[in-house]
Novice: 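Quick one: this structure, given as structure tokens, is what I'll be asking you about.
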Amino acid sequence: MGKTAMNVLREDIIIDWVTSQLGIQKNDAAFFEHNETKIVINVDSFESTIHLYPFVPLRIAGRRAATGSLSDVLVKGAVPRGILTAIRAPATMSIESYKEFYSGIIDVAKRYDLRILGGDTDIAETGSLRADIVVFGFAKGKIANRWGAKPGDLLAVSGRVGLSSILYYYYRQNSVNCSITREMLEEYGWGQLPKPAEWLALKENVHAAIDNSDGLALSLHYLSEASGVKLIIDHIPLHPLAEECIPKERILDEVLYNSGEEYNFIFTIPAEEESTVAKLGFTVIGKVEEGRGVYFRDGIEIKRIGWVGGAGYNKRR
Ligand SMILES: Nc1ncnc2c1ncn2[C@@H]1O[C@H](COP(=O)(O)OP(=O)(O)O)[C@@H](O)[C@H]1O
Ligand SMILES: Cc1ncc(C[n+]2csc(CCOP(=O)(O)OP(=O)(O)O)c2C)c(N)n1
Ligand SMILES: [Mg+2]
């Protein structure tokens, strides 16, 4: 890392500093136990200049914002129960737009049976739309931490990867080999999370888990680093539209490095669970070995590149 990079305000540098200052182990959500009740709680922010593509309707953006926060709680193995939401909107925004965004949060609450318990509202003269969304839930049994992967485990994911890569490609290049449809945007808003009941049944056997918010490659690296293991990838479940919309020679790089916000659950589990994993609709993408780093089976390295707040996509650490 260059000398100047140290002085730049970047999400990864800040997170390294704050977690080491406070002795926090990097995980997707926080865990708190009180009188034998296990509470899993998370906050994630949405800010329109960072998270809102101009072609995404506000209701879908509201869904994506709430889903991003909920995903961290569910992936740890808790049943999400409630939401608090603090929203700061500019007075330049119409009340209809505000309601549209908030309706997206309500959509997520309905889908996952969460109660919106309250929040906070601020109106500023100008500027961006911002929402800080807290989701909490209760866990029974095991917490699926980011660490704990063991050599010999299978590596698996929920859903498909690459829908968000299409949107980022379109945002950047202003064209893709397909039209951006309402259905694609709807699917992006809901993410690629598994069904809660299925995940909660499986998680008792899961060794380590993370959700894909910052891109497939970077999420795999975070999982590998947290457990001190090597990950070998032999198959990526590409979203069929990624194959259709992104130029063939760019697909793999876009899906690995310019993805994220899809919230696929990425986890490791003992090899004897393979048939259960498949039956529940997850895809085995590789395995865990002793060592460090993330590689394809042929030995080609998957780089530690993805979304880093303050740097954007594709900046190596
Ligand atoms: N401002 C902060 N104060 C304390 N801990 C933080 C802060 N920002 C991030 N963290 C912690 O750093 C870790 C990684 O955060 P993050 O990358 O945002 O996770 P995720 O992608 O799952 O939302 C988490 O354990 C989170 O709680
Ligand atoms: C205008 C715009 N640029 C880029 C993106 C892509 N993008 C923004 S944030 C992000 C990663 C997720 O970030 P965050 O919500 O901070 O999630 P966390 O890692 O904290 O869960 C991605 C892939 C976008 N959605 N909109
Ligand atoms: Mg976060």
Side-chain angles (χ1 to χ4, degrees), residues 9-32 40-58 60-76 78 128-136 143-147 161-174 180 185 188-189 191-193 208-223 225-226 254-267 305-315 317:
L9 197 57
R10 274 175 56 145
E11 180 188 7
D12 51 353
I13 295 167
I14 296 290
I15 286 178
D16 283 351
W17 176 77
V18 75
T19 51
S20 70
Q21 283 285 310
L22 301 173
I24 293 172
Q25 256 180 308
K26 286 183 210 166
N27 211 349
D28 303 275
F31 172 68
F32 185 82
V40 174
I41 183 159
N42 180 60
V43 62
D44 260 308
S45 305
F46 166 94
E47 203 269 341
S48 55
T49 67
I50 307 172
H51 299 95
L52 182 62
Y53 292 124
F55 48 84
V56 172
L58 279 169
I60 290 179
R63 284 182 200 160
R64 182 250 165 258
T67 299
S69 209
L70 170 132
S71 168
D72 286 318
V73 171
L74 184 61
V75 74
K76 295 299 98 181
S128 58
L129 171 67
R130 181 184 170 115
D132 299 308
I133 302 180
V134 173
V135 173
F136 70 88
I143 300 288
N145 289 312
R146 225 183 245 193
W147 55 89
V161 194
L163 190 62
S164 67
S165 311
I166 306 172
L167 304 187
Y168 182 59
Y169 195 92
Y170 179 64
Y171 175 66
R172 235 163 62 225
Q173 314 280 23
N174 215 7
I180 303 294
L185 297 174
Y188 160 76
Q192 302 283 325
L193 291 73
I210 188 170
D211 65 334
N212 171 16
S213 58
D214 299 331
L216 180 61
L218 197 50
S219 302
L220 289 168
H221 274 275
Y222 288 157
L223 194 67
E225 286 162 12
E254 296 294 328
V255 167
L256 282 173
Y257 305 121
N258 291 339
S259 52
E261 300 186 277
E262 297 182 287
Y263 309 108
N264 314 80
F265 287 14
I266 308 175
F267 59 96
I305 288 181
W307 177 270
V308 174
Y313 275 121
N314 266 325
K315 302 290 191 304
R317 207 160 162 182

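When reading the values below, keep in mind they use all heavy atoms of this one structure, side chains included, and skip hydrogens, waters and symmetry mates. Both ligands and their constituent atoms are indexed starting at 1 by order of listing. If you read the sequence from its start, that first residue is 1, and numbering goes on from there.
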Novice: With a 4.0 Å cut-off on heavy atoms, is Gly215 in contact with ligand 2?
Specialist: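 Not so, Gly215 does not reach ligand 2.
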
Novice: Give the contacting part of Ile210 toward ligand 1: side chain, backbone, both or neither, where contact means a heavy-atom distance below 4.0 Å.
Specialist: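 Ile210 to ligand 1: no contact under 4.0 Å from either part.
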
Novice: Looking at ligand 1, would Lys76 count as a contact under a 4.0 Å heavy-atom criterion?
Specialist: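 Lys76: no contact with ligand 1 (<4.0 Å).
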
Novice: Are Tyr263 and Arg64 close enough that a side-chain donor and a side-chain acceptor fall under 3.5 Å?
Specialist: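 Per modelled atom types, Tyr263 and Arg64 side chains form a pair under 3.5 Å.
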
Novice: Under 3.5 Å between any N/O of Ser213 and any N/O of ligand 1: does that happen in this structure?
Specialist: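 Yes; at least one N/O pair falls below 3.5 Å.
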
Novice: Which pair of non-hydrogen atoms, one from Val75 and one from Asp211, has the smallest distance, and what is that distance?
Specialist: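 The pair with the smallest heavy-atom distance is CG2-N, 4.1 Å.
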
Novice: Please confirm whether Ala30 approaches ligand 1 to less than 4.0 Å, judged on its heavy atoms.
Specialist: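 The answer is no: ligand 1 sits nowhere under 4.0 Å from a heavy atom of Ala30.
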
Novice: Can you sort out which atoms of ligand 2 are near Ser259, meaning under 4.0 Å from one of its heavy atoms?
Specialist: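 The atoms of ligand 2 under 4.0 Å from a heavy atom of Ser259 are 23 (C).
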
Novice: In terms of ring plane angle, is the pair Tyr53 and Tyr168 parallel, tilted or perpendicular, where the classes change at 30° and 60°?
Specialist: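 Ring orientation of Tyr53 relative to Tyr168: tilted.
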
Novice: Which atoms of ligand 2 have any heavy atom of Asp214 under 4.0 Å away?
Specialist: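 The atoms of ligand 2 under 4.0 Å from a heavy atom of Asp214 are 11 (C), 12 (C), 13 (O), 19 (O).
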
Novice: For the CD atom of Gln192 and the CD1 atom of Ile266, what is their distance to the nearest 0.5 Å?
Specialist: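 Rounded to the nearest 0.5 Å, the CD-CD1 separation comes to 11.5 Å.
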
Novice: Tell me, please: is Tyr171 in heavy-atom contact with ligand 2, that is, under 4.0 Å?
Specialist: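 Judged by the 4.0 Å heavy-atom criterion, Tyr171 does count as contacting ligand 2.
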
Novice: Using a 3.5 Å cut-off on N or O atoms only, is Asn27 in polar contact with ligand 1?
Specialist: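 Yes - when backbone and side-chain N and O of Asn27 are compared with those of ligand 1, one distance drops under 3.5 Å.
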
Novice: Would you check the N or O atoms of Thr19, main chain and side chain alike, for any that come under 3.5 Å of an N or O of ligand 1?
Specialist: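 In this structure, Thr19 places no N or O atom under 3.5 Å from an N or O of ligand 1.
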
Novice: Answer with side chain, backbone, both or neither: which part of Asp44 has a heavy atom less than 4.0 angstrom from an atom of ligand 1?
Specialist: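 The side chain, only.
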
Novice: Check whether the side chains of Asp132 and Ser45 place a donor and an acceptor atom closer than 3.5 Å, and report yes or no.
Specialist: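 A donor-acceptor contact under 3.5 Å links the two side chains.
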
Novice: Just heavy atoms, cut-off under 4.0 Å: does Asp28 contact ligand 1 by side chain, backbone, both, or neither?
Specialist: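 Both the backbone and the side chain of Asp28 come within reach of ligand 1.
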
Novice: Going by distance only, is there an N or O of Asp72 that falls short of 3.5 Å from an N or O of ligand 1?
Specialist: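 Yes, Asp72 has an N/O under 3.5 Å of an N/O on ligand 1.
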
Novice: Please check this pair: side chain of Tyr188 against backbone of Ala61, looking for a donor-acceptor N/O pair closer than 3.5 Å.
Specialist: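 No; zero donor-acceptor contacts below 3.5 Å.
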
